[in-house]
A.B. asks: 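Have a look at this one before I ask anything.
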Amino acid sequence: MTIAVSAIQLGEDEERLVLEVLRSGRLAQGPMVERFEAQVADMAGTLHAVAMSSGTTALVAALEAVQLSPGDEVLTSPFTFVATLNAILEAGATATFCDIGSDFNMDPERISEAITPRTRVLMPVHLYGQAADMGAITDHASVSGLAVVEDAAQAHGASCGGRPVGSFGIGCFSFYATKNVTTAEGGAVTTDDDAIADRLRLLRGQGMRERYQYEIAGHNYRMTELQAALGIPQMDRLAALTQARRRNAARLTEGLRDLGGLQVPAAFADRTHVYHQYTVMVTEEAGIDRDQLSAGLAARGVGSGVYYPRVVFDYECYRGHPRVVPADVPRATRAASRVLSLPVHPLLSDAEIDSVIDAVRECVGA
Ligand SMILES: *Cc1c(COP(=O)(O)O)cnc(C)c1O
């Protein structure tokens with residue numbers, strides 16, 4: 001009997017809407033996608049949401065929408081999923097990195113030293129569902145005249161200073177199978193800027209405004225009606241799903257916070273965390289390392305996950321890449337060797353959360 005680190009819950013509402021699409025004869029982007037976009041815009045508190053085929057294509061389109069030139073740099077977090085980096089490269093830009101803080105996100109204190117004369121975009125990642133310190137990040141952006149593109153792929157409904165993520169700059173969401181809301185594969189870009197939204201819609205559909213009237217070189221990044229039909233009922237349930245994640249996280253923290261060898265997720269008064277992952281740091285004091293804890297949990301029927309085992313540019317395929325500029329990022333490097341994510345998803349019962357707590361405590365000998 002294993003307690004899984006993530007779980008998907010799709011019900012009768014999703015089945016009914018998907019069937020409605022199948023019977024409608026309209027499969028590609030249409031009215032369901034428009035309904036889904038309205039829900040995403042509502043979640044992010046923005047005027048526009050433009051659905052895309054994935055979180056990765058959302059990031060590429062967002063970067064293309066700010067119209068970068070070759071040599072322009074995008075400053076991002078080194079502690080993220082590889083899609084963040086690949087999107088920067090796909091958009092033709094150069095990736096540079098800024099070390100993380102205790103929230104596992106881009107540290108505003110390190111931004112000034114990482115900005116160069118070629119920096120055009122700050123691209124914070126709201127990792128694990130913890131909103132980055134957007135007040136400080138947007139201050140840097142306005143002082144230096146930079147665009148902000150938020151990688152909110154893991155942070156549906158999180159906020160900073162009462163404002164939803166995805167509304168501080170150009171917001172990019174993913175609806176991949178394991179994300180807090182899923183359309184199997186899917187993404188969306190959020191913005192208040194009419195001109196950016198217009199450009200995103202063009203980029204998504206081959207750069208075409210009217211039939212055979214091409215204005216820019218575009219892509220096919222469209223979402224299907226089937227994907228949107230899966231997402232609509234989940235967006236309706238998002239507040240309840242997020243509340244369940246937060247309740248589970250609070251219970252985990254209550255049960256684990258006294259352990260000297262574990263650092264529980266940082267909490268900030270003015271930011272919300274939607275716990276896409278509940279991620280602890282296994283410190284030197286624990287007596288065992290991260291991989292031993294993971295193996296110990298598995299032996300006790302508790303799943304866990306490592307997100308992510310290396311800093312994003314630390315792979316052979318990026319070494320010597322002309323548009324990947326490695327940086328000295330000791331905090332991200334340390335996190336990569338010490339983080340472990342525990343089950344926190346909304347389907348877990350209190351008894352299962354308590355089993356996770358007991359298993360962790362046994363493993364670290366507490
Ligand atoms: C999932 C994810 C993406 C990419 O989204 P896809 O929908 O898988 O393309 C980008 N950034 C982060 C941080 C993610 O977790």
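Count residues from 1 along the sequence. Atoms within a ligand are numbered from 1 in the order they appear, just like the ligands themselves.
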A.B. asks: Nearest 0.5 Å, please: how far is OG1 in Thr119 from CG in Asp72?
C.D. replies: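 One gets 9.0 Å once the value is rounded to the nearest 0.5 Å.
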A.B. asks: So, 4.0 Å and heavy atoms of Cys172: is ligand 1 close enough to count as a contact?
C.D. replies: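 No, Cys172 has no heavy atoms under 4.0 Å from ligand 1.
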A.B. asks: If you define the side chain from C-beta out and look only at heavy atoms, does anything of Met43 sit under 4.5 Å from Leu238?
C.D. replies: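 Counting from C-beta outward, Met43 and Leu238 do come under 4.5 Å.
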A.B. asks: Tell me, please: is Lys179 in heavy-atom contact with ligand 1, that is, under 4.0 Å?
C.D. replies: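 Heavy atoms of Lys179 do come under 4.0 Å of ligand 1.
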A.B. asks: Could you see which bit of Leu127 sits under 4.0 Å from ligand 1, with heavy atoms only: side chain, backbone, both or neither?
C.D. replies: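 Neither part.
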A.B. asks: With atoms numbered from 1 as shown, which atoms in ligand 1 lie under 4.0 angstrom from a non-hydrogen atom of Gly186?
C.D. replies: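 By the 4.0 Å cutoff, the relevant atoms are 7 (O).
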A.B. asks: As an exercise, identify every atom of ligand 1 less than 4.0 angstrom from a heavy atom of Ser174.
C.D. replies: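 So the answer, numbered in order with elements, is 1 (C), 5 (O), 6 (P), 7 (O).
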A.B. asks: Provide the number and element of each atom of ligand 1 under 4.0 Å from a heavy atom of Thr80.
C.D. replies: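 Near Thr80, meaning under 4.0 Å from one of its heavy atoms, ligand 1 has 13 (C).
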A.B. asks: What atoms of ligand 1 come closer than 4.0 angstrom to any heavy atom of Ala83?
C.D. replies: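 Those atoms are 3 (C), 4 (C), 10 (C).
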A.B. asks: Looking only at protein heavy atoms, identify the closest one to atom 8 (O) of ligand 1 and say how far it is in Å.
C.D. replies: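 Protein heavy atom at minimum distance: Tyr176 CB, 3.9 Å.
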A.B. asks: Quick one: which ligand 1 atoms are inside 4.0 Å of a heavy atom on Ala153?
C.D. replies: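 Near Ala153, the atoms of ligand 1 are 2 (C), 3 (C), 10 (C), 11 (N), 12 (C), 14 (C), 15 (O).
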A.B. asks: Could you measure the distance from the CZ atom of Arg110 to the CZ atom of Arg331? Nearest 0.5 Å is fine.
C.D. replies: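 Rounded to the nearest 0.5 Å, the CZ-CZ separation comes out at 7.0 Å.
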A.B. asks: What's the shortest distance from atom 9 (O) of ligand 1 to any protein heavy atom, and which residue and atom give it?
C.D. replies: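 Heavy-atom neighbour on the protein nearest atom 9 (O) of ligand 1: Thr56 OG1, 2.5 Å.
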A.B. asks: Need the ligand 1 atom indices (1-based, order shown) with element for anything under 4.0 Å from a heavy-atom of Thr84.
C.D. replies: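 In order of number, 11 (N).
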A.B. asks: More than 12 non-hydrogen atoms from neighbouring residues, nucleotides or ligands closer than 6.0 Å to CD on Glu109, yes or no?
C.D. replies: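 Check fails, neighbour count at 12 or below.
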A.B. asks: Closest heavy-atom contact between Gly129 and Ala158?
C.D. replies: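 It is O-CB, 3.6 Å.
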A.B. asks: Could you tell me, atom by atom, which parts of ligand 1 come under 4.0 Å of a heavy atom of Ser54?
C.D. replies: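 The list of qualifying atoms is 7 (O), 9 (O).
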A.B. asks: Taking non-hydrogen atoms only, is Asp151 closer than 4.0 angstrom to ligand 1 via side chain, backbone, both or neither?
C.D. replies: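 For Asp151, only side-chain atoms sit under 4.0 Å from ligand 1.
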A.B. asks: About how many Å separate CD of Gln9 and OG1 of Thr182, when rounded to the nearest 0.5 Å?
C.D. replies: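 One finds 13.0 Å between OG1 of Thr182 and CD of Gln9.
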A.B. asks: I need the atoms of ligand 1 closer than 4.0 Å to a non-hydrogen atom of Gly55, numbered in the order shown.
C.D. replies: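 Counting atoms of ligand 1 from 1, those under 4.0 Å from Gly55 are 5 (O), 6 (P), 7 (O), 9 (O).
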A.B. asks: Mind checking whether Val60 and Tyr221 have side chains closer than 4.5 Å, heavy atoms only?
C.D. replies: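 Yes, at least one pair of side-chain atoms sits under 4.5 Å.
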A.B. asks: Quick check for you: to the nearest 0.5 Å, what is the distance between Ser53 atom OG and Glu185 atom CD?
C.D. replies: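 Atom-to-atom, Ser53:OG and Glu185:CD are 8.5 Å apart.
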A.B. asks: Compute whether any side-chain donor of one residue and acceptor of the other, for Ser24 and Glu225, lie under 3.5 angstrom apart.
C.D. replies: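 No pair is found: no donor N or O on one side chain lies under 3.5 Å from an acceptor on the other.
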A.B. asks: Would you say ligand 1 has an N or O under 3.5 Å from any N or O of Gln154?
C.D. replies: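 Yes, Gln154 has an N/O under 3.5 Å of an N/O on ligand 1.
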A.B. asks: With the side chain counted from C-beta on, respond yes when Leu127 and Phe79 share a heavy-atom pair under 4.5 Å apart, and no when they do not.
C.D. replies: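 In short, these two side chains touch, coming nearer than 4.5 Å.
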